[in-house]
Protein chains: 2
Amino acid sequence: MKKQAVKLEDVAAVAGVSKTTVSRVLNNRGYLSQATIDKVHKAMQELHYRPNIIARQLYQQRTNLVGLVFPTVDNPFFGQLEACLDHELYKRGYRVLMGNSQNNPDRERAYLRQLLNGQVDGLIVGAHNEGIEQYRNIQLPVVSIERLVSKDIPVVAADNYAGGVLATQQLLDDGCQHIIHTNYPHDLASPNMERRRAYEELMRRHGLPMYTYEVSFDSSTAEKIKIFYRLFDEHPEVDGVFADNDTNASLIMQVARKRGRRVPEDLKVVGFDGANMTRTLLPELTTIQQPIQQMATAAVQLLQDQIDGKKTTNSVQLPVKLIHGTTA
Amino acid sequence: MKKQAVKLEDVAAVAGVSKTTVSRVLNNRGYLSQATIDKVHKAMQELHYRPNIIARQLYQQRTNLVGLVFPTVDNPFFGQLEACLDHELYKRGYRVLMGNSQNNPDRERAYLRQLLNGQVDGLIVGAHNEGIEQYRNIQLPVVSIERLVSKDIPVVAADNYAGGVLATQQLLDDGCQHIIHTNYPHDLASPNMERRRAYEELMRRHGLPMYTYEVSFDSSTAEKIKIFYRLFDEHPEVDGVFADNDTNASLIMQVARKRGRRVPEDLKVVGFDGANMTRTLLPELTTIQQPIQQMATAAVQLLQDQIDGKKTTNSVQLPVKLIHGTTA
DNA sequence: TCGCAGGTGTTAACCGGTTGACAGATAAAA
DNA sequence: TTTTATCTGTCAACCGGTTAACACCTGCGA
């Protein structure tokens, strides 16, 4: 137990009124004379009174906190997404409890266990780990972004299929014959798979060979680079790459240069995400831009609806856009 | 008021014991027979009981939450820093409450007002806004990162002066005669100013002209680009730039190319920060790397000490490193 | 038989706010 | 004068846990 802070009762004593009256002044509730209001305000000032939020939360059964469960914030896409979510939630009076799982199922579980115990009013999740059974039979409002969690939970996602088509078509239009795709391991039930489906359909339709390299999100940069070296070794004929995110696209271009390929002369590259940070640091990259801001807005709207008890469990899909750089 | 959840009392009723006994089982406290323990566990399982964290927090006057007040998470440096802080805090049993101020003093104030009301056990701040009076007379443990807040609050920072020397010296060694520096507006009392001081001292010592362009952190990308165009217009003779962060360095190089300058042939550029994301997306940039992980570790350690009541209000300064790229 | 230690469990106060129910006062309407 | 509406304010229960204080029981040594 920590030291005693000034509490409502102390204010009441100094102002010469009851706790209720102070609480009413605080919350602007019921009838109050100006004289009483002034008295109470004066007492609060004198004592440097700060109402204890936790006590209020306990009574109101509401914390105005929303948990964000994502892999990490140190990433152009998730960083911008969490920043947007934070901003949207702030506008509605919510604060954000960070739950970076680092793609560690234990951590995700730990966060969930804790957050479900009345710590937050709702959850927005985008972590990868499949089959976390705690998501089932959840009593809490939950919205998922770019992840399939459970069929009761609405998903906000970009139109990944259209994105896959745009990217692949761009490479085909550029005359590429040997296009390689990178994506998550396919056992992850992620909307990302739609990009792969689009890629494979287009390649098949054009009678071209298809190769997908699976790169898990939580691999280290060194591991990813190793995979990309292998990519060039196993497929020296590659003349186009459709990467599943801009960071991987950047790594692939670095490896390509090390292997003596010039981009875009010898190799075209299209990325995915088009986050602010990538646009600033790597503006030459041609990429499929996800509408991050809109995704955040939609997710928060869906969450608010659930918190308000509205039964709108509809998923949302938002359009993507091809950004023309110089790499494809 | 929301619907009633299963509470400790319900468990007690089902198990046929008192609230206290259930609480003891929960917290492993006092003497309990195995039979009682089993009975209680069985009842908890049956009812899917989850203890309400808020109630516990109220009694214990402790939330195991730490507030992070930074400008934004959508930035290579702050993104990585917050990820590291989150990780360090997690290891010690704390969760993170995000407080992105977006460099808006009102938002920073709003966060502070709320966080100080018992919402968090401590605060780690790195937001820019000077003179937020709420930081004075704070009862809460606070640590600041790369910001001077108030003299009672310990600061964790990189050795900015050494960084400024390294960067400027590199450009001088490269033979640059007209080196321009970018930094925050100088009225911000930030350790960043040490970089400027180092730059100016070296330039003066070499009898070279010095120009610092002030770019506020919260300007839009478009505004920053406008400033950098102006930089090249006003100083066509520039042959070296020491940017105060890698993002600005990237923008400057883009503007330089638009103006027909080749990097590094016509213009050398040194950045600052050396965060993961920049290293991945812009590996060719020569930059001064801040020890982000160590800064996070140090900050969390200092905070823990304060929470534990130890009186170690000493600030910490950590070494920086020059990363050789191809831009200088 | 009594005293005492160790084990087991309960009662009730407490954390710091919020609010329904209610009492008393004053003023306006009947 | 009585009734009714409008103010002003208090009491006590409540949110859901935690724990100090205490009571009871059993077994053992004196």
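Convention: sequence-line order gives letters A, B, ...; per-chain numbering from 1.
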Of the candidate nucleotides [options], which contains the atom at the shortest distance from the side chain of [X]?
X        : options                   : value
Arg29(A) : dC14(D), dG20(C), dC7(D)  : dG20(C)
Thr20(B) : dT18(C), dG16(D), dT19(D) : dT19(D)
Gln61(A) : dG16(C), dG16(D), dT18(D) : dG16(D)
Pro51(A) : dG17(C), dT19(C), dT18(D) : dG17(C)

Using the six-membered ring wherever Trp is involved, compare the ring planes of Phe78(A) and Phe217(A) and label them parallel, tilted or perpendicular (cut-offs 30° and 60°). perpendicular
Please collect all salt bridge (charged side-chain N to carboxylate O under 4.0 Å, His left out) contacts where either partner lies in residues 89-99 of chain B, sequence neighbours excluded, each pair once.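 Listed once each, the pairs are Glu88(B)-Lys91(B).
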side-chain contact (heavy atoms from CB on, under 4.5 Å) involving [X] - partner list, sequence neighbours excluded:
X        : answer
Lys39(A) : Val17(A)
Ala83(A) : Thr72(B), Val73(B), Asp74(B)
Ala43(B) : Val11(B), Val14(B), Ala15(B)
Gln34(A) : Ile37(A), Asp38(A)

Checking [X] now: which residues fulfil side chain to side chain donor-acceptor pair (under 3.5 Å) with it, not counting sequence neighbours?
X         : answer
Arg147(A) : His128(A)
Ser144(B) : none
Asn192(A) : Arg195(A)
Asp218(B) : none

Donor-acceptor pair present, Arg24(B) side chain and dT10(C) base, under 3.5 Å: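 A donor-acceptor contact between them is present.
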Check each residue of residues 11-19 of chain A for a non-hydrogen atom within less than 4.0 Å of any atom in DNA chain C, then write out the ones that pass by number, or none. Lys19(A)
Please list residues of residues 32-45 of chain A whose heavy atoms come under 4.0 Å from any atom in DNA chain D, ordered by number; otherwise none.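 Heavy-atom contacts with DNA chain D come from Leu32(A), Ser33(A), Thr36(A).
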To the nearest 10 degrees, what angle separates the axes at the start and end of the helix from dT1(C)-dA30(D) to dA30(C)-dT1(D), five pairs each? 70°
